[in-house]
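See below for the structure under consideration.
For this chain, numbers begin at 1 and follow the sequence in order.
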Amino acid sequence: MIDIQNMKLAECEALSHWIDPRYGFLSPDKFIPALEANREVYKVDCYVLDGYGQDAEFLREKKKIFPISFNISRIDLEACDIYQKIEDTVARYGLSRDQVHIEITESALDDSSQAMVEAVQHFHDLGYQVWMDDFGSGYFP
């Protein structure tokens, strides 16, 4: 996201892409559903957050740190203690909670809206912003 008042980078979204040697570029809608079906998507989501933490260390030295949003799904909430994984990553890399925005994928709303309400509240209680993700909106080629 660009701040139009000063035309500077204000925030980014961490997105996963896969460049397969056989099939070429795969957008998230091609591989995330398979990871969710196998309850493995949390590994990618945690990897993405950890990558931002590593990048943030470098960016902090350059005084160019900015917030990032990253996706979690319903599976993340069920397959691991995603709250603790996020808290551990934030602590490990010295991030502030306002630098990490959590986007909940649309698929998280499929089954239990009450569980999702509780998850959003828990993230808010921990000090994170939570946004609805537009996964599958068709912005990838």
Original post:
Does Trp18 reach the side chain of Val44, with side-chain heavy atoms less than 4.5 Å apart?
Top reply: no
**OP:** Determine, step by step, whether Asp45 and Ser16 satisfy the side chain to side chain contact (heavy atoms under 4.5 Å, CB included) criterion, reporting the C-alpha distance in whole Å, the side-chain angles of both residues, the deciding distance to 0.1 Å, and the verdict.
**Re:** CA-CA 9 Å; Asp45 295 338; Ser16 299; 5.6 Å; no
Original post:
Is there a side-chain contact between Ile102 and Phe70 (heavy atoms, below 4.5 Å)?
Top reply: yes
Subject >> Nearest-0.5 Å distance that lies between atom CD1 in Ile82 and atom NE2 in His122 >> reply: 11.0 Å
Original post:
Do the side chains of Val117 and Val120 get nearer than 4.5 Å, heavy atoms only?
Top reply: no
Subject >> Any side-chain heavy-atom pair of Tyr42 and Leu77 under 4.5 Å >> reply: no
Got a list of side-chain donor-acceptor pairs under 3.5 Å for residues 47-56, not counting sequence neighbours?
| unit_1 | atom_1 | unit_2 | atom_2 | d |
| --- | --- | --- | --- | --- |
| Asp50 | OD1 | Arg92 | NH1 | 2.8 |
| Asp50 | OD1 | Tyr93 | OH | 2.9 |
| Asp50 | OD2 | Gln54 | NE2 | 2.7 |
| Asp50 | OD2 | Tyr93 | OH | 3.3 |
| Tyr52 | OH | Phe66 | O | 2.5 |

**OP:** Determine the minimum heavy-atom distance between Pro33 and Pro28, stating which atoms define it.
**Re:** CD-O, 3.6 Å
Subject >> Straight-line distance of Asp76 CG to Tyr83 OH, nearest 0.5 Å >> reply: 10.5 Å
Original post:
What is the minimum heavy-atom distance between Ile75 and Arg39, and which atoms define it?
Top reply: CG2-CA, 3.5 Å
Original post:
Is there side-chain contact between Asp20 and Phe31, with heavy atoms separated by less than 4.5 Å?
Top reply: no
Original post:
Heavy atoms, side chains only, cut-off 4.5 Å: are Glu87 and Arg97 in contact?
Top reply: yes
Original post:
Taking atom CD of Gln5 as the centre, does the number of heavy atoms from other residues, nucleotides or ligands within less than 6.0 Å exceed 12?
Top reply: no
Original post:
Can you tell me how far the OG1 atom of Thr89 sits from the CD atom of Gln84, to the nearest 0.5 Å?
Top reply: 9.5 Å
Original post:
Any side-chain heavy atom of Ile72 within less than 4.5 Å of one from Ile104?
Top reply: yes
Subject >> Distance, nearest 0.5 Å, that separates CD of Gln121 from CG of Leu126 >> reply: 10.0 Å
**OP:** Measure the CD-CD1 distance between Gln99 and Ile68 for me, rounded to the nearest 0.5 Å.
**Re:** 10.5 Å
Original post:
Any idea how Tyr128 and Phe123 line up, ring-wise: parallel (<30°), tilted (30 to 60°), or perpendicular (>60°)?
Top reply: perpendicular
Original post:
Got a second to check how far Asp125's CG is from Glu118's CD, nearest 0.5 Å?
Top reply: 11.5 Å
Original post:
Tell me, do Phe25 and Lys30 make a side-chain contact under 4.5 Å, heavy atoms counted?
Top reply: no
